[in-house]
Amino acid sequence: MTRQNDRKNLEKRLADLEKDRDEMAAELDLKSNGGRLLEHRDALRFDYLETQNALLLNQQAELLTLVTTLEKKLAQLTQDN
């Protein structure tokens, strides 16, 4: 009887260990995927910031052109008067 109990206990312990192993493997897989997701998020954030920076530089150039044009017109109006 003792051997049967020991065997049952060992079989249960083995099943518990296999379950723990599978859970740990799944957790590691999630962490690995989470790391890849973080890298992907960071790459997207960088692309977003790079695009936003390019747009701001473009707007800055447009504003500079507008200011230059306005200064020329103001100088022309000043000369005309």
Side-chain angles (χ1 to χ4, degrees):
M1 195 69 163
T2 310
R3 285 188 171 243
Q4 284 180 336
N5 285 341
D6 289 346
R7 182 177 178 179
K8 284 182 183 178
N9 288 339
L10 288 172
E11 287 174 348
K12 183 175 181 344
R13 178 74 178 138
L14 181 61
D16 289 344
L17 289 171
E18 287 173 345
K19 181 181 173 188
D20 289 347
R21 180 200 63 201
D22 293 343
E23 287 174 357
M24 289 171 75
E27 187 177 326
L28 285 172
D29 190 42
L30 283 174
K31 286 181 181 177
S32 175
N33 286 337
R36 285 192 292 267
L37 288 174
L38 288 175
E39 289 172 12
H40 185 63
R41 181 201 67 190
D42 290 343
L44 287 175
R45 183 177 291 154
F46 179 78
D47 287 345
Y48 171 79
L49 291 173
E50 198 172 50
T51 303
Q52 190 177 32
N53 187 46
L55 287 171
L56 288 172
L57 288 172
N58 188 28
Q59 288 176 339
Q60 183 183 19
E62 289 176 7
L63 287 172
L64 187 57
T65 302
L66 180 61
V67 167
T68 303
T69 303
L70 289 173
E71 285 175 341
K72 286 179 184 177
K73 287 187 179 187
L74 182 61
Q76 204 173 34
L77 285 172
T78 305
Q79 287 176 354
D80 290 345
N81 287 337

> Identify, with sequence neighbours excluded, every residue that meets salt bridge (Lys or Arg N to Asp or Glu O under 4.0 Å) alongside E11.
R7
> Per the side chain to side chain donor-acceptor pair (under 3.5 Å) rule, what does the pair list look like for residues 51-65, sequence neighbours excluded?
none
> Can you list everything that forms a side chain to side chain donor-acceptor pair (under 3.5 Å) with K12? Sequence neighbours excluded, please.
D16
> Using side chain to side chain contact (heavy atoms under 4.5 Å, CB included) as the criterion, list what pairs up with E18, not counting sequence neighbours.
L14, R21
> Would you compute the distance between atom CD of Q79 and atom CG of L74 and round it to the nearest 0.5 angstrom?
10.5 Å
> Does L28 have any side chain to side chain contact (heavy atoms under 4.5 Å, CB included) partners at least two apart in sequence or in another chain, and if so, which?
none
> Using a side-chain heavy atom cutoff under 4.5 Å and only I, L, V, M, F, W and Y, what cluster partners does L57 have?
none
> Can you list everything that forms a salt bridge (Lys or Arg N to Asp or Glu O under 4.0 Å) with K31? Sequence neighbours excluded, please.
E27
> Does a side-chain heavy-atom distance below 4.5 Å link L37 with R41?
no
> What I'd like to find out is whether the side chain of R45 reaches to under 4.5 Å of the side chain of D42, using heavy atoms alone.
yes
> Holding to salt bridge (Lys or Arg N to Asp or Glu O under 4.0 Å), I want the full list of residues that pass it with R13, two or more places apart in sequence or in another chain.
none
> Going by side chain to side chain contact (heavy atoms under 4.5 Å, CB included), name the residues that satisfy it together with E71, two or more places apart in sequence or in a different chain.
V67
> Which residues, ordered by chain and number, are linked to L49 in its hydrophobic cluster, where ILVMFWY side chains connect at heavy-atom gaps below 4.5 Å, directly or through other members?
Y48
> Who passes side chain to side chain contact (heavy atoms under 4.5 Å, CB included) against N33, sequence neighbours left out?
D29, R36
> I need the Q4 CD to T2 OG1 distance, nearest 0.5 Å.
9.5 Å
